[in-house]
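Below is one structure, written out as structure tokens; the observations come after it.
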Amino acid sequence: MSRRSELLTFVEGVKGFMPTNEGLALHEYTRAHGEKHSGGTWLEVGAWCGKSAVFIGSAAEETGAVLYSLDHHHGSEENQAGWEHFDPLLVDAVDGRLNTLPTWQRTIADAKLEATVIGLVGPSIVVAKHFAQPLDVLFIDGGHGKEVAWADYEAWTPKIVIGGLLLIHDVFPNPEDGGRPPYEIYLAALESGKFEEIGDEGSLRVLRRVS
Ligand code: SAH
Ligand code: MG
């Protein structure tokens with residue numbers, strides 16, 4: 001799935017909250033990075049049904065990288081029944097909980113990315129504690145609550161190699177557009193002096209680790 005038009009047609013059929021322009025930016029920035037540093041280890045926090053994993057994973061496939069796509073697959077707060085982003089079709093009939101794993105798996109299989117996009121199923125922080133491999137690309141799009149977003153930031157960003165990319169989704173400088181935590185961790189990354197911004201698209205911010 002290397003051609004842009006093919007990618008665009010495919011992702012239209014995938015459930016998710018990633019606008020096409022932002023998904024394409026994810027694809028372009030990660031592919032450009034992969035072309036310079038091929039064979040990297042990439043990871044996304046927040047897989048949902050695999051939409052962002054296809055945008056990034058197709059770039060990983062083209063450049064010989066592997067993308068770990070991490071999620072406990074039970075959704076965030078806003079995905080639960082009664083909330084804004086609830087989808088009753090994603091409820092597991094056995095236990096009544098949200099379960100996006102079968103849909104994620106179907107997406108990755110249909111995209112022919114099973115050898116490139118590797119699922120990690122579990123709580124982000126538990127996985128992070130036992131994940132020793134340095135990261136060439138990290139995409140943070142997991143829980144957006146204060147505690148979860150900060151925990152992701154603290155657990156995962158130190159694993160990025162110098163020269164590696166940090167991409168953060170749902171960064172809204174204006175509080176009227178969305179929640180604060182992704183914006184706050186983006187500011188923290190810049191203020192740490194370890195990252196510089198290299199691009200943005202919609203609510204996506206792209207940073208590079210510089211020290
Ligand atoms: N990146 C996806 C959307 C992710 S939505 C896309 O653009 O297609 C956010 C996801 O984060 C949800 O699927 C939710 O289950 C997951 N999530 C939230 N908190 C988590 C945690 N602590 N550990 C693992 N996954 C988490
Ligand atoms: Mg998002």
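The figures here come from the full heavy-atom set of this structure, side chains too, leaving out hydrogens, waters and symmetry mates. One-based numbering, in listed order, for ligands and for the atoms of each.
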- Query: For ligand 1, which atoms have a heavy atom of Pro123 less than 4.0 angstrom away?
  - Reply: 23 (N)

- Message: With a 4.0 Å cut-off on N to O distance, would you call Glu61 and Lys112 a salt bridge?
- Response: no

- Task: Identify the protein heavy atom lying closest to atom 23 (N) of ligand 1, giving its residue, its atom name and the separation to 0.1 Å.
- Result: Ser124 N, 2.9 Å

- Query: Can you find a pair of side-chain heavy atoms, one from Tyr186 and one from Pro173, that are under 4.5 Å apart?
  - Reply: no

- Note on the structure: shortest atom 25 (N) of ligand 1-to-protein heavy-atom contact is with His72 N, 3.3 Å

- Message: Looking only at protein heavy atoms, which one is nearest to atom 4 (C) of ligand 1, and what is the separation?
- Response: Asp141 O, 3.4 Å

- Task: Starting from atom 22 (N) of ligand 1, find the nearest protein heavy-atom neighbour and note its residue, name and distance.
- Result: Val148 CG1, 3.8 Å

- Is the side chain of Lys159 donor-acceptor paired with the backbone N or O of Ala128 at a distance under 3.5 Å, no angle test? yes

- Report yes if some N/O of Phe17 lies less than 3.5 Å from some N/O of ligand 1; otherwise report no. no

- Item | Shortest heavy-atom approach to atom 8 (O) of ligand 1 - which of Ala151, Gly46, Gly23, Ser52 | Ser52

- Give the atom name of whichever N/O/S atom in His169 sits closest to the Mg ion (ligand 2). ND1

- Would you say Val148 and Ile140 are hydrophobically clustered, going by side-chain heavy atoms of ILVMFWY under 4.5 Å? no

- If we ignore angles and hydrogens, is there a donor and acceptor under 3.5 Å between the side chains of Trp104 and Ser69? yes

- For atom 10 (C) of ligand 1, what's the nearest protein heavy atom and its distance? Asp71 OD2, 3.4 Å

- Atom name of the N, O or S atom in Asp170 that lies nearest to the Mg ion (ligand 2): OD2

- Please state which protein non-hydrogen atom is closest to atom 11 (O) of ligand 1 and give its distance, to 0.1 Å? Gly142 CA, 3.4 Å

- Query: Out of the N/O/S atoms in Asp141, what is the name of the one closest to the Mg ion (ligand 2)?
  - Reply: OD1

- Message: side-chain hydrogen bond (donor to acceptor under 3.5 Å, both in side chains), that's the test. Do Ser76 and Trp83 meet it? Break it down for me.
- Response: CA-CA 10 Å; Ser76 300; Trp83 289 71; over 6 Å; no

- Any N or O of Asn79 that comes nearer than 3.5 Å to an N or O of ligand 1? no

- Item | Enumerated ligand 1 atoms positioned under 4.0 Å from heavy atoms of Gly122 | 23 (N), 24 (C)

- Item | Pairwise side-chain contact, His27 with Arg4, heavy-atom cut-off 4.5 Å (strictly under) | no

- Message: Would you say the ring centers of Tyr153 and Trp150 fall short of 6.0 Å from each other?
- Response: yes

- Query: Where on Ser76 is there a heavy atom closer than 4.0 Å to ligand 1, on the side chain, on the backbone, on both, or on neither?
  - Reply: both

- Query: Would you call the rings of Phe17 and Trp48 parallel, tilted or perpendicular if under 30° counts as parallel and over 60° as perpendicular?
  - Reply: tilted

- Message: Tell me whether Lys51 is salt-bridged to Glu22, with the criterion being a basic N under 4.0 Å from an acidic carboxylate O.
- Response: no

- Met18 heavy atoms, cut-off 4.0 Å: which ligand 1 atoms fall inside? 7 (O)

